[in-house]
Amino acid sequence: MTTLLIACGALAREVIAMRDRHGWDAKVLAVPSLLHNTPEKIPGAVRDRITEAQHGDEYERIIVVYGDCGTGGQLDTVLDDMGVERIHGPHCYEQYAGPQTFAGMMDDELGTFFLTDYMVQSFEHIVIEGLGLDKYPELRDMYFGHYTRVMYLQQRDDESLREKAAWGAAQLDLPLEIHFTGYGVMETRLLEKMHRQE
């Protein structure tokens, strides 16, 4: 039974790794991660991917690997209308860390800026260039003045990523904490959906 996994572009590498680890007969199709800057466009973009996939007979099922990601429930409304499931969770930080650990981190320090492997690898593009800090470094304090730490939720045990995370935290003038999560409950939730539909 061939499955299409429609994933946020920020999760695509990890979803491919999970697919390969478990030997799923699945194709991974990414939705651009930069849509997080305009979350109101996420539901439409995911809907378009599903519609394209449903026009052919290649896939017997579709699972969306996405959090709500600031859509205010609109992503789930679209998916309910189309009869397509997504893995549970508000965003990838909760999915990697797990609901209790993530809630604990927020309780400890509300002013936490989270990073994942994807964000660490793309830090310059997403944060420095994306927020205009390369041209207007004075904006750093405007954007990050109320943050108190950077929390790197690390998926792969990679020293070069830890070094890059440290560099990124230094750019924001914030202390760095690293919490290794692997693929977290995202993998558990996706496994449940894959097994339920086999």
Side-chain angles (χ1 to χ4, degrees), residues 6-18 28-46 48-49 64-72 74-75 89-98 101-184 186:
I6 297 178
C8 170
L11 308 177
R13 178 180 180 144
E14 288 73 21
V15 173
I16 290 168
M18 286 184 263
V28 178
L29 184 61
V31 177
S33 59
L34 289 179
L35 286 173
H36 284 93
N37 294 336
T38 52
E40 71 278 3
K41 295 181 181 179
I42 291 173
V46 173
D48 291 347
R49 287 281 200 242
V64 172
V65 187
Y66 236 105
D68 176 76
C69 295
T71 72
Q74 291 304 303
L75 177 58
H91 41 67
C92 61
Y93 310 127
E94 183 267 357
Q95 292 172 356
Y96 283 137
T101 300
F102 178 78
M105 289 174 175
M106 293 304 290
D107 287 343
D108 289 343
E109 285 196 55
L110 189 59
T112 300
F113 184 72
F114 288 92
L115 294 175
T116 63
D117 285 5
Y118 171 81
M119 289 186 68
V120 166
Q121 291 171 303
S122 307
F123 190 89
E124 262 188 280
H125 178 60
I126 293 173
V127 179
I128 303 297
E129 296 171 7
L131 295 178
L133 302 181
D134 54 334
K135 296 178 181 175
Y136 307 101
E138 64 274 12
L139 291 176
R140 182 193 69 186
D141 292 340
M142 182 183 300
Y143 288 134
F144 297 98
H146 295 291
Y147 284 94
T148 55
R149 68 174 174 178
V150 173
M151 176 63 74
Y152 174 24
L153 304 176
Q154 188 173 30
Q155 286 71 69
R156 287 176 288 134
D157 185 9
D158 184 329
E159 180 59 30
S160 67
L161 289 177
R162 288 189 285 273
E163 290 172 1
K164 192 159 187 180
W167 176 85
Q171 301 311 300
L172 305 183
D173 195 27
L174 292 171
L176 173 69
E177 295 181 33
I178 299 174
H179 181 79
F180 183 79
T181 64
Y183 301 135
M186 180 185 298

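This is a predicted model, so every value here is computed, not measured.
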Quick one: list whatever passes side-chain hydrogen bond (donor to acceptor under 3.5 Å, both in side chains) with [X], sequence neighbours left out.
{"X": "S33", "answer": "Y118"}
{"X": "T38", "answer": "none"}
{"X": "E14", "answer": "none"}
{"X": "T101", "answer": "none"}

Which residues satisfy the salt bridge (charged side-chain N to carboxylate O under 4.0 Å, His left out) test with D117, sequence neighbours excluded?
->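 Partners of D117 under the salt bridge (charged side-chain N to carboxylate O under 4.0 Å, His left out) test: R156.
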Sequence-distant partners of E94, salt bridge (charged side-chain N to carboxylate O under 4.0 Å, His left out), two or more places apart =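 Counting only residues at least two positions away or on another chain, E94 forms a salt bridge (charged side-chain N to carboxylate O under 4.0 Å, His left out) with R189.
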Mark yes or no for whether E129, through its side chain, and V127, through its backbone, hold a donor-acceptor pair below 3.5 Å.
-> no
Are any side-chain N or O atoms of T71 and backbone N or O atoms of D68, one a donor and one an acceptor, separated by less than 3.5 Å?
->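 Flag set: sc T71 to bb D68 pair under 3.5 Å.
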Of all pairs that satisfy side-chain hydrogen bond (donor to acceptor under 3.5 Å, both in side chains), the ones with a partner from residues 107-116, not counting sequence neighbours | E109-T148, T112-R149
Which residue pairs pass the side-chain hydrogen bond (donor to acceptor under 3.5 Å, both in side chains) test when at least one of the two sits in residues 133-142, sequence neighbours left out?
-> none
Who are the ring pair (Phe, Tyr, Trp, His ring centres under 6.0 Å) partners of H36, not counting sequence neighbours?
->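 Residues passing ring pair (Phe, Tyr, Trp, His ring centres under 6.0 Å) with H36: none at all.
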With sequence neighbours excluded, residues passing ring pair (Phe, Tyr, Trp, His ring centres under 6.0 Å) with F102 = H91, F114
Kindly indicate, with the supporting measurements, whether the criterion ring pair (Phe, Tyr, Trp, His ring centres under 6.0 Å) is fulfilled by F113 and F144.
-> CA-CA 9 Å; F113 184 72; F144 297 98; 5.2 Å; yes
Report the residues that fulfil side-chain contact (heavy atoms from CB on, under 4.5 Å) with P32, sequence neighbours left out, ordered by chain and then residue number.
-> L35, R49
Residue set satisfying side-chain contact (heavy atoms from CB on, under 4.5 Å) with I178, at least two apart, ordered chain then number -> Y152, Q154, R162, L176
Under 4.5 Å between any side-chain heavy atoms of Y147 and D173, yes or no?
-> no
